[in-house]
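Have a look at the structure below before the remarks.
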Amino acid sequence: MLQKYSSRIARSLKSLPLPTKVNSADLVNERPQALQGPNRNYQKFVLLAHQRSGSSLAITSLREHPQMVVFSELFVPDRMLFHLEGYDNHSERLLALRDADPRKFLDEFVFSPYRDGIQAVGFKLFPDQIDRYPFRCVWKWLARNRDLKIIYLTRRNLLATYTSLLIAQKDNKYGIKDETQRSRTTVTIDPEECLAEFRKRTRYEAAVERNIQAHEVMRWFYEDMAATPQQHLKQAQEFLGVKVCDLKIKMIKQEVRPLTEVIENYDELREYFAGAEWDYLFEDQQGASGSVGKERSASVAPVPVGNWINASRGKKTVRAAGAGKFFNRPAVTAGAIAIGLLFVGLFLLQLFASKGAAKEQTVSVISEVATRIKTYVQTHRELPSALDSLAVQGGSPPRAIDGWSRPLDYSVVGPKTFVLISYGADGVPGGNGEGSDIVCKYQVVDGDILYVQ
């Protein structure tokens, strides 16, 4: 279905040849010689984490294990943070492979054969890093590779998470090794930007849960790991099937001050969120790095430290209350049943029609926005930084809303290349059927906007 819509857009625009595929066979040799070998019998894993949730502490400690190869962030734009001796973070050939085919980069380079004795290979991944083109296919890669084990590290206190991120960005410091390096910086937080951050985090959590549901998962919370790091590292080694070692912890908590001291407009924020979904964050708060007195109820119950589950096991099929009883009632006549079925049929026809219309509308909106971007480029000789920069008659920006009443995602992925994305009916990355993403990539060539894929 999506192919039909993509073809329709392609016919209305000139087509560009796809870039030459990168051969990964010879790139394996770019790995350090000491790690190369025939061994494929190791456990693959991903440390899936949200920013400012203690992922650096976990990853730097696990990297010290002699039987493990642990990479850092592989999907940072313009570079790869291998953080392992002998790897080139700016290798042009590896970057070309990663950007052209992220799944091939993972399958044939990251998880290629290693020397004997390596028993676990993995990397750290932030959801927001693959929430942009061309890395969005990593969601599907993650869901498909069910032999991957997942360590899912998150943080209960979203306000502390966001505050810590703002301070790290302001100080340009994302990890410390001793108390003398702790920050004295304070921040003023815009309430609307804070709300947007909370909503984005909620969307990421939904995407994560959907894509790891068939995996074996160990769930950690920052607040617990910060209190007992050695215990958590031991649990991780047992989970990954490597020999348990005493791993050195190289990092400490970066922020220990109460949020009331760190956030200059704390009272304003508390008033803004009063009565809202996230008002619990302001109850009995204990500090920027600690948990709060009242925890948010989660859609998935937290797994105690040291326990891991395969979410594909133990699933239940819940039958709706009263199911199967309706047609057993004597008072219901055949005519009533027929009328009921007629209304159901009409409802389903209307539903399917509306679903098709939503995709049709989305494709139409994407085409219209691409045309307006073309006009902008011809006037300003550059791509707009955001869709709000596109003015239509009357001076207001275009209504870049998809068929499900959600804003399109616009990303500039190169000097002359941009992507327009609708996240489909479910509004979250990845998905199937009506939840599938609609992704359209364009390139500026001689002042014209050409459809790429």
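Keep in mind the model is a prediction, meaning the values are calculated, not measured.
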Quiz prompt | Thr163 side chain vs Ala160 backbone, donor-acceptor pair below 3.5 Å | solution = no
Quiz item: Under 30°, 30 to 60°, or over 60°: which ring-plane class applies to Phe82 and Phe105, parallel, tilted or perpendicular?
Solution: tilted
Quiz item: Counting N and O atoms only, with roles assigned by atom type, does the side chain of Arg40 sit under 3.5 Å from a partner on the main chain of Tyr114, one being a donor and the other an acceptor?
Solution: no
Quiz item: Hey, does the side chain of Asn39 reach the backbone of Ile118 with a donor-acceptor pair shorter than 3.5 angstrom?
Solution: yes
Quiz item: Within 45° of the six-membered ring axis of Phe135 and under 6.0 Å from that ring's centre, is NZ or CZ of Arg98 located there?
Solution: no
Exercise. Verify whether one side chain among Thr161 and Gln51 offers a donor that lies under 3.5 Å from an acceptor in the other.
Key: no
Quiz prompt | Polar contact flag, side-chain donor to acceptor under 3.5 angstrom, Thr154-Arg219 | solution = no
Quiz item: Which pair of heavy atoms, one from Thr185 and one from Arg257, lies closest together, and at what distance?
Solution: O-NH2, 2.8 Å
Exercise. Would you check if the side chain of Ser53 reaches a backbone N or O of Ala49 as a donor-acceptor pair within less than 3.5 Å?
Key: no
Exercise. Assess the side chains of Gln43 and Gln119: does a donor N or O sit below 3.5 Å from an acceptor N or O?
Key: no
Quiz item: Would one find more than 12 heavy atoms of other residues, nucleotides or ligands at under 6.0 Å from atom CG of Asn41?
Solution: no
Quiz item: Side-chain donor-acceptor pair under 3.5 Å between Ser422 and Asp402, yes or no?
Solution: yes
Quiz item: Between the side chain of Lys149 and the main-chain N/O of Phe239, is any donor-acceptor distance below 3.5 Å?
Solution: yes
Quiz prompt | Nearest heavy atoms of Leu95 and Asp78, plus distance in Å | solution = CD1-O, 3.6 Å
Quiz prompt | Backbone of Leu57 reached by a side-chain donor or acceptor of Ser61 within 3.5 Å | solution = yes
Quiz item: For Asp246, does its backbone N or O pair with a side-chain atom of Gln230 as donor and acceptor, under 3.5 Å?
Solution: no
Practice problem: Identify which one of Met68, His65, Gln67, Glu64 satisfies the side chain to side chain contact (heavy atoms under 4.5 Å, CB included) criterion when paired with Cys245. | Solution: His65
Quiz item: Do the charged groups of Arg372 and Glu368 touch, with an N to O distance under 4.0 Å?
Solution: yes
Practice problem: Kindly give the heavy-atom pair with the smallest separation between Arg144 and Arg103, and that separation in Å. | Solution: NH1-CD, 4.1 Å
Quiz item: Is there a donor in the side chain of His215 and an acceptor in the side chain of Tyr152, or the other way round, less than 3.5 Å apart?
Solution: no
Practice problem: Kindly say whether Ile401 contributes a backbone atom to a donor-acceptor pair with the side chain of Ser405 at under 3.5 angstrom? | Solution: no
Self-check item: Stepwise side chain to side chain contact (heavy atoms under 4.5 Å, CB included) test for Val70 and Phe123
Solution: CA-CA 5 Å; Val70 184; Phe123 65 97; over 6 Å; no
Exercise. Would you kindly say whether Asp107 and Trp141 are connected by a side-chain donor-acceptor distance under 3.5 Å?
Key: yes
Quiz item: Any luck finding a side-chain donor-acceptor pair between Ser164 and Arg52 under 3.5 Å?
Solution: yes
Quiz item: Using a distance-only test with no angle check, is there a side-chain donor-acceptor pair under 3.5 angstrom linking Tyr204 and Asp131?
Solution: yes
Quiz prompt | Arg156 and Asp224 ion-paired at < 4.0 Å | solution = yes
Practice problem: For Ile263 and Thr188, run side chain to side chain contact (heavy atoms under 4.5 Å, CB included): C-alpha distance rounded to whole Å, both residues' side-chain angles, the deciding distance at 0.1 Å, then the answer. | Solution: CA-CA 6 Å; Ile263 304 173; Thr188 299; over 6 Å; no
Self-check item: Proximity of Phe198 and Phe273 rings by center, below 6.0 Å
Solution: yes
Quiz prompt | Short side-chain donor-acceptor distance under 3.5 Å, Glu223 and Asn157 | solution = no
Quiz item: Taking it one step at a time, do Leu106 and Phe75 satisfy side chain to side chain contact (heavy atoms under 4.5 Å, CB included)?
Solution: CA-CA 11 Å; Leu106 290 169; Phe75 294 98; 3.9 Å; yes
Quiz item: Is the number of heavy atoms from other residues, nucleotides or ligands under 6.0 Å of Arg132 CZ greater than 12?
Solution: yes
Quiz prompt | Candidate pair Phe71 and Ile59, rule side chain to side chain contact (heavy atoms under 4.5 Å, CB included), full reasoning | solution = CA-CA 8 Å; Phe71 301 105; Ile59 211 78; over 6 Å; no
Quiz item: Checking Thr228 side chain against Gln231 main chain: does a donor-acceptor pair fall under 3.5 Å?
Solution: no
Practice problem: Kindly check if the number of other-residue, nucleotide or ligand heavy atoms within 6.0 Å of NZ (Lys44) is above 12? | Solution: yes
Quiz item: Which heavy atom in Leu158 sits nearest to a heavy atom in Arg201, and how many Å separate them?
Solution: CD2-NH1, 3.1 Å
Exercise. For Asp88 and His90, indicate whether the former's side chain and the latter's backbone hold a donor-acceptor pair under 3.5 Å.
Key: yes
